[in-house]
Colleague: 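The structure's right below; bear with me while I get my questions together.
Note that these values count all heavy atoms, side chains included, but never hydrogens, waters or copies made by symmetry. In what follows, chains carry the letters A, B, and so on, assigned in the order in which the sequence lines appear, proteins first and then strands, with residues in each chain numbered from 1. Remember, predicted model here, so these are calculated numbers, not experimental data.
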Amino acid sequence: MSQDIAVVVEHLGGKIADVAFEMLGKGRELAKATGGRLLALAAGQGLAGLVKELGAADAVLLCQGAGLEPYTPDAHQKAFAAAVKARAPRVTLVANTTMGMDLGAGLAAELGWPLVAYCRDARLEGGTLVATSQIYGGKLLAEAQVAGEHAIVSMLAGSSPAEAGRATGAPAVEEIAAPAAGPQRVRFKRLIQPAAGDVDITREGVLVSVGRGIQSKDNIPVVEELAQALGGTVSASRPIVDQGWLPKTRQVGKSGMTVKPRLYVAVGISGAPEHLEGMRGAELIVAVNTDANAPIFNVAHYGVVGDLFEVLPLLTEKIKSSA
Amino acid sequence: MDIVVPIKMVPDLVEELEIDAEGRDLDRSFLKLRLSEWDEQALEEALLLKDKHGARVTVIALDTGDPDETLFTCLAKGADRAIKLTGGEAAQGSSRATADVLAKALKGIPHDLILTGVQAVDDRDGQVAVFLAEALGLPHVSVVSGVEPAGGKAVVARQEYAGGVMAELEVDLPCVLGIQAARESPRYAPVSKVRQAMKTLKLEEVAAAAPEARAGSTVRRLAKPEAGGRAEILEGSPEEVADKLLAILKDKGLVRS
């Protein structure tokens with residue numbers, strides 16, 4: 001068994017995902033505890049250019065081949081399984097992203113190792129791996145002891161600072177043989193970019209964001225009026241977009257946009273981890289929710305536990321009359 | 001095409017979640033359960049495929065969390081078969097063990113396409129869709145919103161990435177897709193139709209096989225997040241709260257004073 005810590009590095013369009021740097025920072029803490037090396041693992045093609053950004057790692061393991069670009073779950077799982085099996089790291093970190101969801105459970109199943117998902121933290125106590133998952137829509141934290149000599153830990157984005165893992169350098173590069181390219185069970189057809197919308201919510205200074213608490217499409221004007229009074233725009237959590245009440249271009253969160261406005265007003269949004277991922281970087285966060293235990297209050301600066309239909313119209317009026 | 005939709009019951013997050021005396025699990029004595037919302041999306045996608053292209057839709061659940069009414073609701077919505085795996089309590093709380101049990105049951109159930117929720121609010125040890133695919137030796141894709149047939153031997157799945165970007169992937173059948181969202185909002189089954197299904201239709205019962213023994217992880221503490229970093233809660237009547245908010249926004253220069 002090795003004491004190394006491995007980090008699966010995700011990249012799309014030549015850009016390394018922020019969460020990879022967060023995990024390299026976390027991975028360094030774990031490597032210090034085990035006394036092992038920190039390994040960055042990447043799969044794709046033409047990856048040499050990414051290596052210099054991975055200076056936080058002791059070594060970068062690259063698995064390259066024509067069948068590995070663009071990403072497909074099947075081919076990448078085989079590539080990472082070969083790399084991870086060869087190095088047998090103590091802990092392998094993957095992100096709780098789309099690719100991480102394919103790969104984390106896929107690697108765990110293929111290698112027969114435990115997986116702990118949705119983690120905000122992982123650490124070693126003595127020789128024991130302890131990982132803290134955020135579950136039940138972000139309402140509870142489950143701290144678990146992990147059995148066995150190896151484990152896969154899937155980390156939520158935004159769980160540790162990216163700065164800790166962002167370092168340029170020239171880490172040692174090791175090439176891992178790509179799995180034999182044969183007929184693929186999963187074949188990439190095309191990438192679909194989001195349709196250009198009426199507004200680009202990533203550029204807005206003020207967002208009034210609406211969630212399930214709005215109850216009906218007919219109530220959307222309540223948030224639109226507040227957004228207008230504040231000189232901002234309406235955005236939304238996933239369920240509102242899935243219902244078709246607002247266009248996809250307004251969606252904040254994991255599969256939507258990441259926004260960093262000066263003001264983010266979360267209205268009737270409980271704050272599942274997938275949503276928080278897209279907005280926790282906002283300068284000022286105000287949340288209005290009827291549920292005092294809603295996880296949104298863990299990231300908001302100011303909170304109102306109450307009925308949005310009472311508070312919002314009053315606030316809108318007061319803003320209008322003070323201007 | 002035979003579509004199988006594994007579903008499960010999960011705690012309803014609208015209710016307050018209580019932690020048991022040992023502090024390691026939920027207090028399940030008064031827990032209200034509901035169909036996992038991602039599984040509901042998976043069922044809808046299956047029914048949309050059936051409506052448009054014709055298919056036989058089979059819903060399958062472990063007999064944990066009292067799934068009967070939910071299974072009848074699935075039949076009322078248009079599923080053709082509903083199967084309850086009895087005696088599968090050993091798998092409760094573990095996606096991996098659930099996948100073992102489902103995989104063994106699926107050996108006797110025709111399946112070209114398996115659609116299930118990409119995640120659940122309590123799948124701490126990972127996602128059923130992927131574990132099930134691996135147990136059956138099938139390809140899998142997670143975070144899918146939208147499935148279309150591609151000839152008789154494959155489907156095209158739309159996989160979502162960050163920033164609203166999606167990929168179209170062609171996946172050989174049989175396969176397992178972890179559904180994030182159906183192309184349309186889940187349909188509603190009127191209570192009368194569910195009642196009628198309960199009166200006229202039957203759930204099939206199949207004995208659950210034992211899950212495999214394997215090293216995993218054990219929860220030693222379940223707790224609400226620490227109070228640190230929590231929002232300052234503004235107290236008072238709606239009028240007072242609105243005044244306080246206005247003062248804060250003015251102070252930060254977000255509203256002209």
Colleague: Sort A:Arg120 into side chain, backbone, both or neither according to what part of it lies under 4.5 angstrom from a heavy atom of chain B.
Modeller: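 When you check distances to chain B, no heavy atom of A:Arg120 falls under 4.5 Å.
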Colleague: Please check if the side chain of B:Arg96 supplies one atom and the backbone of A:Ala108 the other of a donor-acceptor pair under 3.5 Å.
Modeller: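 Yes, because the side chain of B:Arg96 sits within donor-acceptor range (under 3.5 Å) of the backbone of A:Ala108.
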Colleague: Any non-hydrogen side-chain atom of B:Gln159 less than 4.5 Å from a side-chain atom of A:Asp102?
Modeller: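 They are in side-chain contact.
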Colleague: Sort B:Leu173 into side chain, backbone, both or neither according to what part of it lies under 4.5 angstrom from a heavy atom of chain A.
Modeller: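 When you check distances to chain A, no heavy atom of B:Leu173 falls under 4.5 Å.
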Colleague: For residues A:Ser270 and B:Leu13, determine if any side-chain heavy atom of one lies less than 4.5 Å from a side-chain heavy atom of the other.
Modeller: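 No, their side chains stay 4.5 Å or more apart.
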Colleague: Specify the closest pair of heavy atoms between A:Ala109 and B:Phe131, including all atoms of both residues, with the distance to one decimal.
Modeller: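 Minimum heavy-atom contact is CB-CD2, 4.0 Å.
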Colleague: Once you round to the nearest 0.5 Å, how far does OG of A:Ser154 lie from CD of B:Gln127?
Modeller: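 One finds 6.5 Å between OG of A:Ser154 and CD of B:Gln127.
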Colleague: Does any heavy atom of chain B fall under 4.5 Å from the side chain of A:Asp242, the backbone, both, or neither of them?
Modeller: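 When you check distances to chain B, atoms from both the backbone and side chain of A:Asp242 fall under 4.5 Å.
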Colleague: For A:Glu274 and B:Gln180, does a side-chain donor sit closer than 3.5 Å to a side-chain acceptor?
Modeller: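 No - no donor-acceptor pair under 3.5 Å links their side chains.
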Colleague: CG/A:Leu230 to CG/B:Leu249 distance, rounded to the nearest 0.5 angstrom?
Modeller: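 Between A:Leu230 CG and B:Leu249 CG, I get 6.0 Å after rounding to 0.5 Å.
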Colleague: Verify the distance criterion only: is there a donor paired with an acceptor across the side chains of B:Glu170 and A:Gln184 at less than 3.5 Å?
Modeller: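 B:Glu170 vs A:Gln184: no donor-acceptor pair found between side chains.
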Colleague: Which pair of non-hydrogen atoms, one from A:Ile135 and one from B:Val121, has the smallest distance, and what is that distance?
Modeller: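 In this case the closest contact between A:Ile135 and B:Val121 is CB-O, 3.5 Å.
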Colleague: Is B:Pro139 in contact with chain A via its backbone, its side chain, both, or neither, using a 4.5 Å heavy-atom distance?
Modeller: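 Both backbone and side chain.
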Colleague: So which part of A:Ser133 gets closer than 4.5 Å to some heavy atom of chain B, the side chain, the backbone, both or neither?
Modeller: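 Contact with chain B is through the side chain of A:Ser133 alone.
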Colleague: Contact part of A:Tyr302 toward chain B, heavy-atom cut-off under 4.5 Å: side chain, backbone, both or neither?
Modeller: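 Answer is both: backbone and side chain atoms of A:Tyr302 are under 4.5 Å from chain B.
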Colleague: In terms of heavy-atom proximity below 4.5 Å to chain A, should B:Glu37 be classed as side chain, backbone, both, or neither?
Modeller: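 When you check distances to chain A, only side chain atoms of B:Glu37 fall under 4.5 Å.
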Colleague: Would you give the length of the straight line joining atom OH of B:Tyr161 to atom CD of A:Glu10, rounded to the nearest 0.5 angstrom?
Modeller: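 If we round to the nearest 0.5 Å, B:Tyr161:OH and A:Glu10:CD are 9.0 Å apart.
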Colleague: Counting C-beta onward and ignoring hydrogens, is there a side-chain heavy-atom pair between A:Lys318 and B:Glu239 closer than 4.5 Å?
Modeller: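 Yes, close enough: below the 4.5 Å cut-off.
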Colleague: Heavy-atom distance under 4.5 Å to chain B: side chain of A:Leu115, backbone, both or neither?
Modeller: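 For A:Leu115, heavy atoms of backbone and side chain both lie under 4.5 Å from chain B.
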Colleague: Top residue by heavy-atom pair count (under 4.5 Å) with chain A, among B:Ala223, B:Ser185, B:Ser95?
Modeller: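 With the most close heavy-atom pairs to chain A, the winner is B:Ala223.
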Colleague: Between B:Arg214 and chain A, with a heavy-atom cut-off of 4.5 Å, which part of the residue counts as in contact: side chain, backbone, both or neither?
Modeller: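 For B:Arg214, no heavy atom lies under 4.5 Å from chain A.
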Colleague: So for A:Lys248, is it side chain, backbone, both, or neither that comes closer than 4.5 Å to the heavy atoms of chain B?
Modeller: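 When you check distances to chain B, only side chain atoms of A:Lys248 fall under 4.5 Å.
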Colleague: Is the number of heavy atoms from other residues, nucleotides or ligands within 6.0 Å of CZ (A:Arg212) greater than 12?
Modeller: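 Open.
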Colleague: Main chain of B:Ala162, side chain of A:Ser255: is a donor-acceptor contact present, judged purely on distance under 3.5 Å?
Modeller: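 Checked: no pair found.
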Colleague: Highest number of heavy-atom pairs under 4.5 Å with chain A: which of B:Leu138, B:Val118, B:Val156, B:Asp123?
Modeller: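 The option with the most such pairs is B:Asp123.
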Colleague: Contact part of A:Val286 toward chain B, heavy-atom cut-off under 4.5 Å: side chain, backbone, both or neither?
Modeller: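 Side chain only.
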Colleague: Of the non-hydrogen atoms in A:Phe188 and B:Leu169, which two are nearest, and what is the gap between them?
Modeller: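 Closest heavy-atom pair between A:Phe188 and B:Leu169: CA-CD2, 3.8 Å.
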Colleague: Does any backbone or side-chain atom of A:Ala17 lie under 4.5 Å from a heavy atom of chain B? Answer side chain, backbone, both or neither.
Modeller: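 Contact with chain B: none, neither part.
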Colleague: Counting C-beta onward and ignoring hydrogens, is there a side-chain heavy-atom pair between B:Asp172 and A:Arg187 closer than 4.5 Å?
Modeller: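 Yes. Closest side-chain heavy atoms under 4.5 Å.
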Colleague: Using a 4.5 Å cut-off on heavy atoms from C-beta on, say whether the side chain of A:Leu140 contacts that of B:Leu26.
Modeller: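 Side chain of B:Leu26 against side chain of A:Leu140, heavy atoms only: contact under 4.5 Å found.
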Colleague: Let me confirm one number: the CG-CG distance from B:Leu222 to A:Leu141, rounded to the nearest 0.5 Å.
Modeller: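 Between atom CG of B:Leu222 and atom CG of A:Leu141 there are 8.5 Å.
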Colleague: Test salt bridge (charged side-chain N to carboxylate O under 4.0 Å, His left out) on B:Glu15 and A:Lys139 and set out the steps.
Modeller: CA-CA 11 Å; B:Glu15 306 286 314; A:Lys139 284 190 157 184; over 6 Å; no
Colleague: A:Gln251 versus chain B, heavy atoms under 4.5 Å apart: side chain, backbone, both or neither?
Modeller: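 Neither part; nothing is under 4.5 Å.
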